[in-house]
Amino acid sequence: NAGVTQTPKFQVLKTGQSMTLQCAQDMNHEYMSWYRQDPGMGLRLIHYSVGAGITDQGEVPNGYNVSRSTTEDFPLRLLSAAPSQTSVYFCASSYSSGQDNSPLHFGNGTRLTVT
Amino acid sequence: GDSVTQMEGPVTLSEEAFLTINCTYTATGYPSLFWYVQYPGEGLQLLLKATKADDKGSNKGFEATYRKETTSFHLEKGSVQVSDSAVYFCALSPNTGNQFYFGTGTSLTVIP
């Protein structure tokens, strides 16, 4: 039972480079989301999706793009990496949005360093 | 807006000590409340949840009671073990909207 799978686990980028963080889930969850985790700041929501073809911004969306072409996949794109984007990124999914009390299921994270 | 505040860490306890991690929230209506645990190098895992006032969530010896009158959801365990060393996050899910809100996390270290 794979759950939520994130790749890569680690990545080092130079300022200005672009990359895509991959996230896939095999639980047929409608809701998917991306968080970043920084020391002393907890988890902050970047973008989320309530179903295929639907995305919306969270608390800290600047510098990131997402798309949701399938139920299973929710990639996060960094268009031009900046040192401020050095962080640990988590993808999380849920059966639906929080309205039915479904908990989030998390991947194991991607640790990104931008130099 | 909705938010969660939890006690600052880090917390260091001896094995078999009593644990309390405080969590208070601000939300309109009746949110669902959660505690998540993060072990080193891993993602967050659901520890327990409560969906309405006076509900008690419990799992692996941990408990938390949804107190609407004090807007709190404190995590407790009567006797901690070394294997409980982790970071604990309090979170809420509003009954409207599509976002979850997390506290900043409390790091717990249990020493033998």
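Residue numbers begin at 1 in each chain, while the letters A, B, ... track the order of the sequences. Basis for what follows: all heavy atoms, side chains included, without hydrogens, waters or symmetry-related copies. Being a predicted model, the structure only gives us computed values, none of them experimental.
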(request) Give a yes-or-no answer on whether the side chains of B:Q6 and B:T106 include a donor-acceptor pair shorter than 3.5 Å. (result) yes
Reported [atom1]-to-[atom2] distance for the pair [X] and [Y], which is rounded to 0.5 angstrom:
X: B:M7; Y: B:C23; atom1: CE; atom2: SG; result: 11.5 Å
X: A:Q85; Y: A:M19; atom1: CD; atom2: CE; result: 11.0 Å
X: B:K52; Y: B:K68; atom1: NZ; atom2: NZ; result: 13.5 Å
X: B:E76; Y: B:S58; atom1: CD; atom2: OG; result: 12.5 Å
X: A:D56; Y: A:I54; atom1: CG; atom2: CD1; result: 10.0 Å

(message) Does any backbone or side-chain atom of B:L46 lie under 4.5 Å from a heavy atom of chain A? Answer side chain, backbone, both or neither.
(response) side chain
(request) Write out, in numerical order, the residues from residues 58-83 of chain A with a heavy atom short of 4.5 Å from a heavy atom in chain B. (result) A:G58
(request) Could you please state which residues from residues 104-115 of chain A sit under 4.5 angstrom from chain B, measuring non-hydrogen atom to non-hydrogen atom, sorted by number, or 'none'? (result) A:L104, A:F106, A:G107, A:N108
(request) Would you indicate whether the side-chain heavy atoms of B:L75 and B:L47 approach each other to under 4.5 Å? (result) yes
(request) Please examine the side chains of A:H47 and A:T55, heavy atoms only from C-beta on, and report whether any two atoms are closer than 4.5 Å. (result) no
(request) Determine, using the 4.5 Å side-chain heavy-atom cutoff (strictly less than), whether B:L33 and B:Y30 are members of one ILVMFWY cluster. (result) yes
(message) Quick check on A:L43 against chain B: is it the side chain, the backbone, both or neither that has a heavy atom closer than 4.5 Å?
(response) both
(request) Measure A:Q6 against the heavy atoms of chain B and call it side chain, backbone, both or neither at under 4.5 Å. (result) neither
(request) Using the ring-ring contact (aromatic ring centres under 6.0 Å, His included) rule, take B:Y88 and B:F62 through it: C-alpha gap first, then chi angles, then the decisive distance, then the call. (result) CA-CA 11 Å; B:Y88 293 82; B:F62 291 90; 5.6 Å; yes
(message) Tell me whether the rings of B:Y36 and B:F102 are parallel (<30°), tilted (30 to 60°) or perpendicular (>60°).
(response) tilted
